[in-house]
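Before any comments, here is the structure.
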Amino acid sequence: MENAPEDPAPEPANLRFLRRLVTVLTAVMIGGVILITALIVIRTQQSATPLPDTITLPDGTTATAFTQARNWYAVVTEDDQILIFARDSGRLLQVINVVVSSESD
């Protein structure tokens with residue numbers, strides 16, 4: 001075979017290092033995308049803390065905001081109070097008066 005190509009020149013060390021680096025970085029990026037996707041799927045499948053069916057507020061109060069945690073939920077009222085209720089019984093645990101300062105510098 002007289003027309004066979006000659007052996008190619010050996011690959012320079014810097015080019016070989018760069019090729020391996022790009023391969024490793026590509027594998028790490030693919031792994032990261034798979035990990036982030038798995039975490040998002042796992043997080044969205046977790047059940048949220050259920051909302052209470054009814055909330056009985058003291059007479060004359062109007063709710064403006066609501067937040068909840070695992071063992072309690074809180075209602076912010078129009079008269080600047082935070083009412084904290086027990087999640088299991090719905091019993092009022094604590095009333096926090098919010099002091100709004102109107103001082104300006």
Side-chain angles (χ1 to χ4, degrees):
M1 300 188 131
E2 295 176 20
N3 294 339
E6 298 178 16
D7 289 335
E11 188 176 68
N14 288 344
L15 185 60
R16 188 173 339 131
F17 170 74
L18 185 61
R19 184 170 38 87
R20 288 182 181 157
L21 182 65
V22 168
T23 304
V24 168
L25 290 176
T26 302
V28 168
M29 283 181 56
I30 290 170
V33 168
I34 291 171
L35 178 67
I36 289 172
T37 304
L39 289 174
I40 289 172
V41 167
I42 290 169
R43 180 72 177 145
T44 57
Q45 289 181 351
Q46 291 178 348
S47 63
T49 306
L51 294 173
D53 293 331
T54 60
I55 299 174
T56 305
L57 297 176
D59 290 337
T61 58
T62 303
T64 59
F66 173 83
T67 189
Q68 63 179 340
R70 193 172 313 146
N71 298 325
W72 56 268
Y73 57 89
V75 176
V76 179
T77 64
E78 282 184 341
D79 53 347
D80 295 325
Q81 289 184 330
I82 302 172
L83 309 174
I84 300 178
F85 296 90
R87 178 170 294 285
D88 55 355
S89 65
R91 182 174 54 92
L92 181 62
L93 298 175
Q94 185 176 6
V95 176
I96 301 171
N97 290 315
V98 179
V99 179
V100 179
S101 175
S102 61
E103 296 178 22
S104 59
D105 294 340

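Hydrogens, waters and symmetry mates play no part in the numbers below; they use all other heavy atoms, side chains included.
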What pairs of donor and acceptor atoms, side-chain ones from residues 30-43 against any protein atom, are under 3.5 angstrom apart with sequence neighbours left out?
residue	atom	partner	partner atom	Å
T37	OG1	V33	O	2.8
R43	NH1	Q46	OE1	2.9

Between S89 (side chain) and A86 (backbone), is there a donor-acceptor pair under 3.5 Å? no

Separation between [atom1] of [X] and [atom2] of [Y], rounded to the nearest 0.5 Å:
X	Y	atom1	atom2	result
I96	Q94	CD1	CD	4.0 Å
N97	D79	CG	CG	8.0 Å
D80	T64	CG	OG1	8.0 Å

Tell me every residue that passes side-chain contact (heavy atoms from CB on, under 4.5 Å) with P12, counting only those two or more places apart in sequence or in another chain. L15

With a 4.5 Å limit on heavy-atom distance, are the side chains of W72 and T67 in contact? yes

What closest approach, in Å, do A69 and R87 show between heavy atoms, and which atom pair accounts for it? O-NH2, 3.0 Å

Evaluate the ring planes of Y73 and F85, with Trp represented by its six-membered ring, and classify them as parallel (under 30°), tilted (30 to 60°) or perpendicular (over 60°). parallel

One pair to check against side-chain contact (heavy atoms from CB on, under 4.5 Å): L57 and I55. What are the steps and the verdict? CA-CA 6 Å; L57 297 176; I55 299 174; 3.9 Å; yes

